[in-house]
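In what follows, every chain begins at residue 1, and chains take the letters A, B, ... in the order their sequences are listed. These numbers were taken from a predicted model, which means no experiment stands behind them.
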Protein chains: 2
Amino acid sequence: MLTPPSDTHPEKGIVTQLRGYLAQLDLPEDGRLPPERELSAALGVSRTELRKALDVLEAEGQLWRHVGKGTFMGSRPLDTFADIAALARRSNPAEVMRARIVMEPEIARAAAFTATPADIAEMRMCLARSRQAETWRQYETWDTRLHRTIAEASQNTLLLGLFDTLNAVRRAVTWGRLRTDPVKPHADHHSFAEHEAIVEAIEHRDIAAAAAAMRTHLQTVERKLLDRQ
Amino acid sequence: MLTPPSDTHPEKGIVTQLRGYLAQLDLPEDGRLPPERELSAALGVSRTELRKALDVLEAEGQLWRHVGKGTFMGSRPLDTFADIAALARRSNPAEVMRARIVMEPEIARAAAFTATPADIAEMRMCLARSRQAETWRQYETWDTRLHRTIAEASQNTLLLGLFDTLNAVRRAVTWGRLRTDPVKPHADHHSFAEHEAIVEAIEHRDIAAAAAAMRTHLQTVERKLLDRQ
DNA sequence: ATATAAACCAAATGGAAATTGGTATCCAAC
DNA sequence: GTTGGATACCAATTTCCATTTGGTTTATAT
C-alpha cells in the first residue's frame with residue numbers, strides 16, 4: 001500500500017532545488033503552491049521525480065497534499081469536527097444543565113443588546129405557538145426554537161455555533177428519555193411566564209434583567225429535572 | 001422593511017383554499033412544496049394573492065421560505081454546524097473575543113467551586129512558566145494552558161468541550177496574524193497581574209471574584225486587540 | 001384603489017467542465 | 001532488469017454558468 005520513503009532514492013539535488021524554488025516563491029495567503037504539472041515544468045524535471053521530492057518534504061511535515069485541492073505549505077489543518085457524539089457519551093443531563101446555565105444567561109444578555117425587531121417578533125411568535133401547543137412534542141419544538149432565536153439575536157455566529165453544539169449534545173444526551181405524555185403542558189406551566197419575562201427584558205433592552213430571567217428559568221428547569229430522578 | 005400582516009387583507013377564501021390544497025398534497029420528504037409560480041397557476045390565483053396567503057401561513061409558523069431554496073412546511077430547521085473550519089470562516093477576532101467574554105468568566109466561576117488542589121497547583125505552574133517565557137510564542141503556550149486548566153477545573157466535560165471548540169476557532173481565526181515579535185513580554189505585562197488575580201480568587205473559593213477577575217482580564221485583552229488595528 | 005402581469009434582483013441550486021493529487025501502463029535507456 | 005519518463009486514467013474537488021426561487025418593483029388594466 002504505502003511505499004516506504006527509503007525505497008526510492010530521489011536525486012538529493014532535486015529536493016534542494018525544490019526547496020530553493022519554494023523559498024524564492026511568494027505564496028498566496030493559504031500557502032497553496034502551483035500544481036505538480038506546472039511545478040515539474042518550471043523546474044525542468046519529470047512529474048515522477050518531482051513527486052518523489054514532494055514525498056520527502058511531506059514526510060518532513062513541511063507541506064501537505066490533498067487530491068483535488070492541491071499542495072500546501074505548512075502542516076495539515078486539524079480535523080475540525082467537534083465530535084458531538086463523543087461529547088454526549090462523556091456527558092450527562094446534569095452537566096448539560098450546568099453548561100446551559102453558564103452559557104444561555106450571558107447569551108441572553110448579549111441578545112438584549114443586539115436583538116432586532118424581527119428577532120423579537122420571532123420570539124413572540126415562539127411564545128404564542130408554545131402556548132398553543134397540543135402536545136409536549138410540539139411544545140418542545142417551540143421552546144427550543146425560542147432559545148435558539150435568542151442565540152441568533154446575539155448577532156454572534158460563533159456564540160450561535162457554540163449554542164448549537166450544546167444543543168446537539170443536549171438532544172443526544174436526552175434522547176431516549178423524551179417526554180411522550182399524551183397530555184399537553186398546563187396553561188400555568190412555569191416556563192410560560194419565565195419565557196415571557198426573558199423576552200420582555202430583551203425587548204426593553206434591560207440586559208441585566210434578561211440574564212437574570214434566563215438564569216432563573218434554567219434553574220427552575222434544572223430543579224424539575226432533578227426532582228424527576 | 002417588514003409589512004405588517006394586518007396591512008393587507010387577502011381573501012380569507014384563498015388562505016383556506018391553499019390550506020386545503022396543501023393538506024391534500026403529498027409532500028416530499030423534506031416538506032418542500034411547489035414553487036410559487038406553479039402553485040399560483042395550480043390554484044388559479046395570481047402570484048401576488050398567493051404570496052399574501054403564504055404570508056399568513058408563514059406568520060402562523062406553518063411553513064418557512066428562503067430565497068433560492070423554496071417554501072417548506074413545518075418550522076425552519078436549525079443548521080447545526082460543529083464544523084470548526086466553517087465556524088472560523090464565518091467568524092472574526094472581534095466575535096471570538098465577545099464569545100470568550102461570555103463563556104470564560106462563567107467557567108471561572110464554576111471552577112472556583114470545584115477546582116482541586118491539583119488544579120490550582122497546575123494553574124500556579126502556568127503562571128510561573130508564562131513569567132519565565134523567553135518568547136511571545138512560549139508565553140502564549142502557557143497562557144492558553146492556564147485558561148484551559150481553569151476550564152478543566154470546572155469538572156464539566158461538556159463545558160470543557162465547548163471551551164476547546166471556542167479555542168480551536170480562535171486559533172483558526174487568529175492564524176496568520178500570530179505575533180512573531182522576537183522580544184518577550186515585559187515583566188509588567190498586564191496579563192501577569194490579571195492571571196494572578198484569577199487564580200487567587202479561585203484558590204480562595206471566591207466565585208464572584210473569580211468571574212469578575214476573568215472578565216476584567218478578557219476585557220483588557222479585547223481592548224489591546226482592538227487598539228492594534 | 002386594487003389586482004394583475006411582467007420584469008428584475010440576489011440568493012441558492014445543479015450540473016457540466018476543468019483542475020488536481022494519486023496510480024497504472026507502456027516504453028526507452030543503460 | 002532496473003530506472004526514469006511520458007502518457008493516460010481515476011476520483012476527489014473546485015470552478016463556472018445557467019437555472020430556479022422567493023422577494024421587490026413597475027407598469028397596466030379594471
Side-chain angles (χ1 to χ4, degrees), chain A residues 1-15 17-18 22 27-59 62-74 76-77 79 118, chain B residues 1-15 17-18 22 27-59 62-73 76-77 79 81 83 85-86 89-90:
Chain A
M1 192 62 61
L2 267 181
T3 310
S6 55
D7 195 2
T8 60
H9 295 281
E11 282 294 324
K12 283 203 86 167
I14 298 186
V15 178
Q17 184 187 356
L18 177 58
L22 293 183
L27 300 160
E29 176 66 17
D30 56 355
R32 179 181 193 168
L33 43 92
E36 295 181 352
R37 291 165 175 83
E38 281 184 32
L39 258 185
S40 63
L43 291 179
V45 298
S46 76
R47 188 150 89 105
T48 318
E49 288 302 296
L50 170 70
R51 283 183 53 76
K52 284 184 196 167
L54 285 174
D55 287 343
V56 174
L57 293 193
E58 185 180 27
Q62 308 244 1
L63 52 83
W64 63 278
R65 310 186 264 186
H66 189 88
V67 227
K69 285 185 175 172
T71 307
F72 301 80
M73 298 300 293
R76 169 178 272 107
D79 278 1
Chain B
M1 191 62 62
L2 264 181
T3 310
S6 55
D7 195 1
T8 61
H9 295 282
E11 283 293 323
K12 283 204 87 162
I14 298 188
V15 178
Q17 184 188 356
L18 177 58
L22 293 183
L27 301 159
E29 178 63 18
D30 55 355
R32 178 179 193 171
L33 43 92
E36 295 180 352
R37 292 164 174 83
E38 282 183 31
L39 257 183
S40 63
L43 291 179
V45 297
S46 75
R47 204 179 144 215
T48 318
E49 288 302 296
L50 171 69
R51 281 182 56 74
K52 284 185 196 164
L54 286 174
D55 286 342
V56 175
L57 293 194
E58 185 181 28
Q62 307 245 1
L63 53 84
W64 62 278
R65 310 185 266 186
H66 191 88
V67 242
K69 285 184 174 172
T71 307
F72 301 81
M73 298 300 293
R76 172 175 273 105
D79 52 323
F81 42 135
D83 184 350
R89 217 172 308 121
R90 288 182 233 223

Distance in angstrom units between Leu33(B) CG and dG22(D) C1', rounded: 12 Å
Whole angstrom value for the distance that separates C1' of dG21(C) from CG of Leu50(A): 11 Å
Heavy-atom closest contact (Phe72(A) atom, Asp30(A) atom, distance): CD2-O, 3.6 Å
Gap separating the CD atom of Gln62(A) from the CG atom of Leu18(A), nearest 0.5 angstrom: 10.0 Å
d(CZ, Phe72(A); C1', dG21(C)) in whole Å: 11 Å
Rounded distance (Å) that lies between atom C1' of dG4(D) and atom CD of Glu49(A): 6 Å
For the student: nearest non-hydrogen atoms of Glu58(A) and Trp64(A), plus distance: OE2-CA, 4.4 Å
Length of the line joining Arg65(A):CZ and dT14(D):P, which is rounded to integer Å: 18 Å
Integer-rounded Å distance: dT2(D) C1' and Lys52(A) NZ: 11 Å
Rounded distance [0.5 Å steps], CG in Leu57(B) versus CG in Leu33(B): 9.5 Å
Between P of dT24(D) and CD of Glu36(B), the distance in whole Å: 11 Å
Spatial distance of atom CZ (Arg37(A)) from atom CG (Leu50(A)) [nearest 0.5 Å]: 11.0 Å
Side chain to side chain contact (heavy atoms under 4.5 Å, CB included) partners of Glu38(A), counting only residues at least two apart: Pro34(A), Pro35(A)
Which pairs, protein N/O on one side and nucleotides 28-30 of chain C N/O on the other, fall under 3.5 Å?
none

Those residues that, when tested against Arg51(A), pass salt bridge (charged side-chain N to carboxylate O under 4.0 Å, His left out) (two or more places apart): Glu36(A)
All N/O contacts under 3.5 Å from nucleotides 26-30 of chain D to the protein, with atom names and distances to one decimal?
none

Partners meeting salt bridge (charged side-chain N to carboxylate O under 4.0 Å, His left out) with Asp55(A) (sequence neighbours left out): Arg65(A)
From Leu22(B) atom CG to Thr71(B) atom OG1, the distance as rounded to the nearest 0.5 Å: 10.0 Å
B/S/- contact track for nucleotides 6-12 of chain D, protein heavy atom under 4.0 Å: S-BB--B
Between dT2(C) (P) and Ile14(B) (CD1): distance, integer Å: 15 Å
Ile14(B) CD1 to Leu43(B) CG distance, which is reported to the nearest 0.5 Å: 9.0 Å
